[in-house]
Amino acid sequence: MFSAEDHTHMARALRLAARGLFTTTPNPRVGCVIVKDGQVVGEGWHARAGEPHAEIHALRAAGTRARGATVYVSLEPCSHHGRTPPCAHALIDAGVARVVAAMRDPNPQVAGRGIELLTLAGIRAEVGLLEEAARELNVGFISRMTRGRPWVRVKTASSLDGKTALLNGQSQWITGEAARRDVHRWRARACAVLTGVGTVLADDPQMNVRAVDTPRQPLRVVLDSALRTPPGARVLEGGNTLLVCQEAQPERLEPLLAAGASVLELPGPAGRPDLGLLMEVLAQRGVNELHVEAGATVNGALLAAGLVDEWLAYLAPVTLGHEARGLFDLPALTDMGERQGWRLLDVRWVGVDLRLRLRPE
């Protein structure tokens, strides 16, 4: 169905889409290539919400050469008026002959309508070329559109014996500098970074992106049932921090608001915020990918609730002993049939450490 030339140009469209990896939220990452008589005459990618989409950039570059051309785009052209006009209409007006989309848009406002509009206009429209790669690029956007919650990626850094900190709480540093830089790339592509108040009290982290050049900082979310976050905590610096609690007591709330924090009450079971409801709230705020860097309590709660979609496990070539702190705080199993299975997607060296990327079976 698709030629070698089709694959080459779609692969280029996907590489262009990846240029918006850190910037497009809450929109998807999209790239576009326009080809006429075997020559690339225009290309573009979506950079930021509210700015022109990938197809518009490519059409502007192609000009009149777009007439009769083939368009390769990593996501079905939009068919609705949002912050920008529909790209499907722009392609029709430009007189293109063929459109190849890697995947259909999961947004219910589009969901095939873009392809339908193109077909009705007499344009040959095809879908499914390099779809798996396109879906991987936008796992968060797909999750938000189809499940109503972000894609949750949990990052851990541990010793070979599965420990994240000493018994006294000391954890800096288990992994090396290269691994820590790599973590900042994952933070940068996320719309929000989540941690627990225990991590805030123990390490006073900033939870922002520093080792990667990015024009956008993710929202910082702290699970803090009783609002124990100190008003002077570094995680509050610069604002853009959401504290999620059970009940906001005025004597603790007011200093935090004065420090620039936003506070959200989400009462849940066992004296902790409702994690499922939190995911819905974050999705409503446009969070596609949620990056988690927390302790065993938060990690375990997310896993027990079935909310972990991906696990980034950094393993350092050290051991910390059986009394050191573990990765996930979970109830003891009584049968091996209860164990959680994981599918290994990728293994690579990052400096002296090993990074495993896994998803639940």
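When a residue number appears, it is its place in the shown sequence, counting from 1.
- Of the possible donor and acceptor atoms, none in the side chain of Arg325 sits under 3.5 Å from a partner among the backbone N and O of Ala296.
- Lys36 places no side-chain N or O within 3.5 Å of a backbone atom of Gly68 that could act as its donor or acceptor partner.
- Formation of a donor-acceptor pair under 3.5 Å by the Glu310 side chain with backbone atoms of Arg153 is not found in this model.
- Following chains of ILVMFWY side-chain contacts shorter than 4.5 Å, one cannot reach Leu307 starting from Leu312, and the two form parts of different hydrophobic clusters.
- Shown here for Met207 and Leu194, the closest heavy-atom pair between the two residues is CE-O, 4.4 Å.
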- Task: Would you check, one step at a time, whether the test side chain to side chain contact (heavy atoms under 4.5 Å, CB included) holds for Arg144 with Val287?
- Result: CA-CA 8 Å; Arg144 183 165 66 87; Val287 173; 5.7 Å; no

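- Rounding to the nearest 0.5 Å gives a distance of 8.5 Å between CH2 of Trp186 and CG of Leu21.
- Here the CG atom belonging to Asn107 is positioned 11.0 Å from the OG1 atom belonging to Thr146, to the nearest 0.5 angstrom.
- Taking the six-membered ring where the residue is Trp, the centroids of Phe328 and Trp311 are separated by under 6.0 Å.
- Taking 4.5 Å as the limit, every side-chain heavy atom of Val96 sits out of range of all side-chain heavy atoms of Ile34.
- Between Arg185 and Phe22 the shortest side-chain heavy-atom distance falls below 4.5 Å.
- Tracing side-chain contacts under 4.5 Å through hydrophobic residues (I, L, V, M, F, W, Y), one never reaches Met279 starting from Met145; they form parts of separate clusters.
- Residues Ser262 and Thr241 form no side-chain contact, since every pair of their non-hydrogen atoms from C-beta on lies 4.5 Å or further apart.
- For the pairing with Arg187, the side chain to side chain donor-acceptor pair (under 3.5 Å) check across Gln217, Glu293, Glu289 returns one residue only, Glu293.
- His9 and Tyr72 have tilted rings, their planes meeting at an angle from 30° to 60° on a 0 to 90° scale.
- Between Asn299 and Asp329, every side-chain heavy-atom pair lies at or beyond the 4.5 Å cut-off.
- Side-chain atoms of His46 come within 3.5 Å of backbone atoms of Pro52 as a donor-acceptor pair (strictly under, hydrogens ignored).
- Between Val35 and Val33, the shortest heavy-atom contact is CG2-CG1, 3.9 Å.
- The minimum heavy-atom distance between Val308 and Pro360, with the atom names listed, is O-CG, 3.2 Å.
- Gly176 and Asp353 make their closest contact through N-OD2, 2.7 Å (heavy atoms, listed as atom of the first residue, atom of the second, distance).
- For Arg29 and Asn138, the side-chain atoms include no donor-acceptor pair closer than 3.5 Å.
- Arg12 places none of its side-chain heavy atoms less than 4.5 Å from the side chain of Val40.
- The CZ atom of Arg220 sits 7.0 Å away from the CG atom of Leu236 when rounded to the nearest 0.5 Å.
- Considering CG of Leu118 and CD of Glu116, their distance stands at 10.0 Å, rounded to 0.5 Å.
- By the 6.0 Å contact criterion, CD on Glu132 is open, its count of non-hydrogen atoms from other residues, nucleotides or ligands being 12 or less.
- Side-chain contact between Leu320 and Ile174 is present, with heavy atoms from C-beta onward closer than 4.5 Å.
- In this structure, Met103 and Leu75 have side chains that are in contact, with non-hydrogen atoms separated by less than 4.5 Å.
- No donor-acceptor distance shorter than 3.5 angstrom exists from the side chain of Asp203 to the backbone of Pro205, with no hydrogens or angles considered.
- Under a hydrophobic-cluster definition in which Ile, Leu, Val, Met, Phe, Trp and Tyr are linked whenever side-chain heavy atoms come within less than 4.5 Å, directly or via other members, Leu223 and Leu302 are assigned to the same cluster.
- For Thr23, there are no side chain to side chain donor-acceptor pair (under 3.5 Å) partners two or more places apart in sequence or in a different chain.
- Side-chain atoms of Arg180 come within 3.5 Å of backbone N or O of Thr175 as a donor-acceptor pair.
- Here Arg355 pairs with Asp346 in a salt bridge; the nearest charged N to carboxylate O distance falls below 4.0 Å.
- Checked by atom type and distance alone, the side chain of Thr164 pairs as donor or acceptor with a backbone atom of Gly326 at under 3.5 Å.
- For the pair Asp37 and Arg65, the salt-bridge criterion is not met [side-chain N within less than 4.0 Å of a carboxylate O].
- To the nearest 0.5 Å, atoms OG1 (Thr156) and NZ (Lys163) are separated by 13.0 Å.
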- Could you walk me through whether Asp224 and Val263 pass the side chain to side chain contact (heavy atoms under 4.5 Å, CB included) test, one step at a time? CA-CA 10 Å; Asp224 187 359; Val263 177; over 6 Å; no

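- For the atom pair OG1 (Thr199) and CG (Asp204), the distance works out to 11.5 Å, reported to the nearest 0.5 Å.
- The pair Arg359-Glu136 meets the salt-bridge criterion, since a charged nitrogen lies less than 4.0 angstrom from a carboxylate oxygen.
- Scanning all heavy atoms of the two residues, the minimum distance from Ala17 to Leu137 falls at CB-CD2, 3.4 Å.
- Contact annotation: the side chain of Glu55 never approaches that of Val99 to less than 4.5 Å [non-hydrogen atoms, C-beta and beyond].
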- Please assess His7 against Leu129 for the test side chain to side chain contact (heavy atoms under 4.5 Å, CB included), listing each intermediate value before the final yes or no. CA-CA 7 Å; His7 280 81; Leu129 177 59; 3.4 Å; yes

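- Checking side-chain atoms of Arg104 against main-chain N and O of Arg113 turns up no donor-acceptor pair under 3.5 Å.
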- Step by step, would you call Trp151 with Leu290 a side chain to side chain contact (heavy atoms under 4.5 Å, CB included)? CA-CA 6 Å; Trp151 180 266; Leu290 177 64; over 6 Å; no

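- Ionic pairing of Arg348 and Asp182 is not present here: no N-O contact between side-chain nitrogen and carboxylate oxygen is shorter than 4.0 angstrom.
- Shown here for Gly271 and Gln246, the closest heavy-atom pair between the two residues is O-CG, 3.3 Å.
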